[in-house]
Amino acid sequence: MTLPLVVGVDGSDPSLLAVDWAVQEAARHDIPLRLVYASRWERYEAGVPLDGTQRPSERVLAEHIVASAAERAAQRGPDVKVTTDILADDPVRALLHAGDEAYALVTGERGRGELTGLLLGSVGLAVAAKAHCPVIVVRGDRIGLAGGHERILLGAGEPATAAEAVRFAFREAEVRASVLDVVRAWRCPAHEITDRASHAEAARRYEEKASALLDTLLGEAMADHPKVRVRSVTAEGPAHRILVHRTAAADLVVVGARRRQGHVGLQLGRVAHTLLHHAACPVAIVPQPV
């Protein structure tokens, strides 16, 4: 069975941008698109008397939202199979459940009713932190959203968290015929630097270690995707700052995350958290199974 690309919709402008982006993504991968609206309206309207001919107003609104989103998707991707669901459940829980049978989950950067000043909405943040499938939060400038840079950016993390992200990034670069930029950041511990000479020696060692890690991470994926053009670099400095800066010239940034069994809190490191709030292109958080 082909897993669908699942998009959380709520009628907000960010969710409509997410639909537009997801239609293109589904077409690239030749997979179906599933639009999901979720709300616990039954809890709030249970005490409202109806005369038997009326339907709950939130249900009517939900039907309008998913119908409009489906029509929008059909116009932008007529060859993409689109299905819709309206779920009487908490949006985060509904999307996490849908993600158990999804190629990836897609959300906008904010939802309906959330403050426009928020850098990232609560639903997108919670889903990105807890889902067991890749999560893509759609944000960024017009060129990046349209794939105009023809460049995928991969933040190369530690082997324990990066293997699935590497495979995901290579698939994205291949279906888009894009360059894959891979960046591994490194820093010299302050206690190893006493003068200019010690800094130079430490820098050499840590840069060599970063380069060796890239070779280890990328070797198998490069063999599996020989047509993907890869540009790998090491860079000294904080990874979250380096990657945010480079997203200005990317169509998608991909980073890994580790999901700890039984852990219910947020599971996003500093790099992923910063990208979700500040990246200039869509952000893919790819979990590494434990």
Salt bridge (Lys or Arg N to Asp or Glu O under 4.0 Å) evaluation trace for Glu101 with Arg34 = CA-CA 11 Å; Glu101 296 183 357; Arg34 181 186 175 198; over 6 Å; no
Criterion side-chain contact (heavy atoms from CB on, under 4.5 Å) on Val283 and Val135, from CA distance to verdict = CA-CA 8 Å; Val283 181; Val135 174; over 6 Å; no
task = Check step by step if side-chain contact (heavy atoms from CB on, under 4.5 Å) holds for Met222 and Phe170.
result = CA-CA 8 Å; Met222 290 178 68; Phe170 268 84; 3.6 Å; yes
ask   = So Arg167 and Glu172, salt bridge (Lys or Arg N to Asp or Glu O under 4.0 Å) or not? Walk me through it.
value = CA-CA 9 Å; Arg167 285 188 278 270; Glu172 285 297 317; over 6 Å; no
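A donor-acceptor pair under 3.5 Å is absent between the side-chain atoms of Arg184 and the main chain of Ala210, judged by distance alone. Although no hydrogens or angles enter the test, the distance criterion places no donor-acceptor pair under 3.5 Å between the side chain of Ser68 and the main chain of Ile65. A donor-acceptor distance shorter than 3.5 angstrom exists from the side chain of Gln288 to the backbone of Glu164, with no hydrogens or angles considered. A donor-acceptor contact shorter than 3.5 Å is absent between the side chain of Ser178 and the backbone of Glu174. Of the possible polar contacts, one joining the Thr247 side chain to the Ala280 backbone as a donor-acceptor pair under 3.5 Å is found.
Note on Arg28 versus Glu25: salt bridge recorded, some NZ/NE/NH1/NH2 to OD/OE distance being below 4.0 Å.
Taking hydrophobic clusters as Ile, Leu, Val, Met, Phe, Trp and Tyr residues chained together by side-chain heavy-atom distances below 4.5 Å, Leu16 does not share a cluster with Val9.
In this structure, Val183 and Leu154 have side chains that are not in contact, with every pair of non-hydrogen atoms separated by 4.5 Å or more. Counting heavy atoms from C-beta on, the side chains of Asp20 and Arg72 come closer than 4.5 Å.
Applying the 6.0 Å contact sphere to CG of Asp30 captures no more than 12 heavy atoms from other residues, nucleotides or ligands. Residue-environment remark: CD (Glu208) exceeds the threshold of 12 foreign heavy atoms within 6.0 Å. Within 6.0 Å of atom NE2 in His97, 12 or fewer heavy atoms from other residues, nucleotides or ligands are found, so the atom counts as exposed in its surroundings. For Asp13, the CG atom sits in a loose shell: 12 or fewer heavy atoms of surrounding residues, nucleotides or ligands are nearer than 6.0 Å.
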